[in-house]
Asks: 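Right, I'll just put the structure down here and ask away after.
Both counts, for ligands and for their atoms, begin at 1 and track the order of listing. We're numbering straight along the sequence, starting at 1.
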Amino acid sequence: MARAPFEIAGAQVQPGTRETVEVPVAKLYTHTPLHIPVEVVHGRRDGPVLMVCGAIHGDEINGVEIIRRVLKNSALRHLRGTLVAVPIVNIFGFVQRTRYLPDRRDLNRCFPGSETGSLGGRIAYLLRTQIMENVSHIIDLHTGAIHRFNLPQIRAELKNPETARMAEAFGAPIIINAGLREGSLRAYADSLDIPVITFEGGEALRFDEVVIASGVKGVMRVMRELEMMPAKKGPKAPRKRSETAANSVWVRADMDGIMRPVAHLGQRVRKGQKLAMVADPFGETEEAITSPCSGIVICVNNLPLVNEGEAIYHVARFDELGEAEKAMDYFRSSFESEVAEEAVVPVHPWDELQK
Ligand SMILES: [Zn+2]
C-alpha cells in the first residue's frame, strides 16, 4: 500500500517528494505576513518522522547552516520515513539577530503555549500543533549564548532509552544527562514521550566550521541509527565517540574585573585547577578562578570583562577522566580530517584544541 501524504499547514507532501511549506505564524504590524519555512522530505517508505529544528533562540545560527547541509545530502533520496526540517523557528529573533521575541520572552520557555496566550505562547502552540505533534523524534540545534562558546555536546534526558540511543548515535564528544527545563521544547516533547535531544555547539551570531561539521555528521548518524538512511559502508567507528557526564557545573567569577583565560575549550581539568585569572585594571587585586570538580571544559566565556557572579566556564563533571579524554581525543582526530572540504569559516577558536 502506498504511503499517505504528509500533511502540514494545509499542504500535502506526497511520498517520494520534498517540498518547502510556509507555515503562517503572524503578521508584522506593517501588515506583512510572517511564516516559518519548513522543508519536508517525505520518503517513499514508512519510517520515523524526524524533526530537526534550529534558531529557536533567534541568534543561534549554526543550526541553520547544519540543516542547510543536511538537506543537500544526496542520500536523502533513499530516505525511509520523513524529515521535517525547520531551520529558523524563532523568525522574529532571527531577523532582529536576537535570542528573544519582540516582547523579550524566550520562546524556549513558552511551551506548550496556547492559542490565546502571549506572542511566544502562540508561536509555541502553532509549532506543536502544526509540527511537533506529528513527529516521532526531534533534534533541537542550539549554540552557546552570546560571547559563550560551547564545545559540541548533546543534552538529553537519558531515562528514555530511545532518547539515549539518539544521544549516543549523534557522536558529539560529550553527552550531558540534563534535566528538563520547564517551558522548553525539549521538556514538552519529553512529556509527549517524543524522544528528543538538544545539540549545543559554538556561540551565538557566529558560524563555526568544526561545530557545523560535527552537527551535520551527528544528524546523519542519528538518521542512520533510526534506519532512515542505509548504514554507512566500511569499518565501524574504531572507538566510542561520546562519554556521558552525570552533570555539569557553571563556574562563576568571585569578583568584578578583567579575566584572562587559562584553561581552554575541551581541556581536561582537575578539581582545584586554575581556569582563569580575574584582576582589576591595575593588577593590584587578582584572583584565580578554579574548577570545583574534575571534568572537561565544555563552555568558555570569550568576553574578558566580567561581573561578580557571572558564569565564565562550564565544566562537565567526570570523576574518572580517562574515558572522557579518549572521547575528546577521538573528536580532535576526526574533525581534523573531516572539516576541510566545505569550510566556510576559519577554525581559529580551535587552534588551542588542535595542539
Ligand atoms: Zn539556545
Asks: Does a sphere of radius 6.0 Å around CZ in R44 hold more than 12 heavy atoms from other residues, nucleotides or ligands, not counting ones at 6.0 Å or beyond?
Replies: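 For R44, atom CZ is not crowded (no more than 12 foreign heavy atoms under 6.0 Å).
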Asks: Linking I/L/V/M/F/W/Y whenever their side-chain heavy atoms sit closer than 4.5 Å, directly or via other members, would L180 and L158 fall into one cluster?
Replies: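 L180 does not cluster with L158.
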Asks: Is the count of non-hydrogen atoms from other residues, nucleotides or ligands lying under 6.0 Å from R97 atom CZ greater than 12?
Replies: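 Atom CZ in R97 is not crowded, with 12 or fewer foreign heavy atoms closer than 6.0 Å.
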Asks: Find, among atoms of H57 that are N, O or S, the one nearest to the Zn ion (ligand 1), and state its name.
Replies: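 Considering only N, O and S atoms, H57 comes nearest to the Zn ion (ligand 1) through ND1.
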Asks: Do you know which N/O/S atom name in H142 is closest to the Zn ion (ligand 1)?
Replies: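 Closest to the Zn ion (ligand 1) among those atoms: ND1.
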Asks: For the residue pair H314 and W250, does the interplanar ring angle fall in the parallel (under 30°), tilted (30 to 60°) or perpendicular (over 60°) class?
Replies: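 The rings of H314 and W250 lie parallel, inter-plane angle below 30°.
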Asks: Any N/O/S of E60 under 2.8 Å from the Zn ion (ligand 1)?
Replies: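 A backbone or side-chain N, O or S atom of E60 is under 2.8 Å from the Zn ion (ligand 1).
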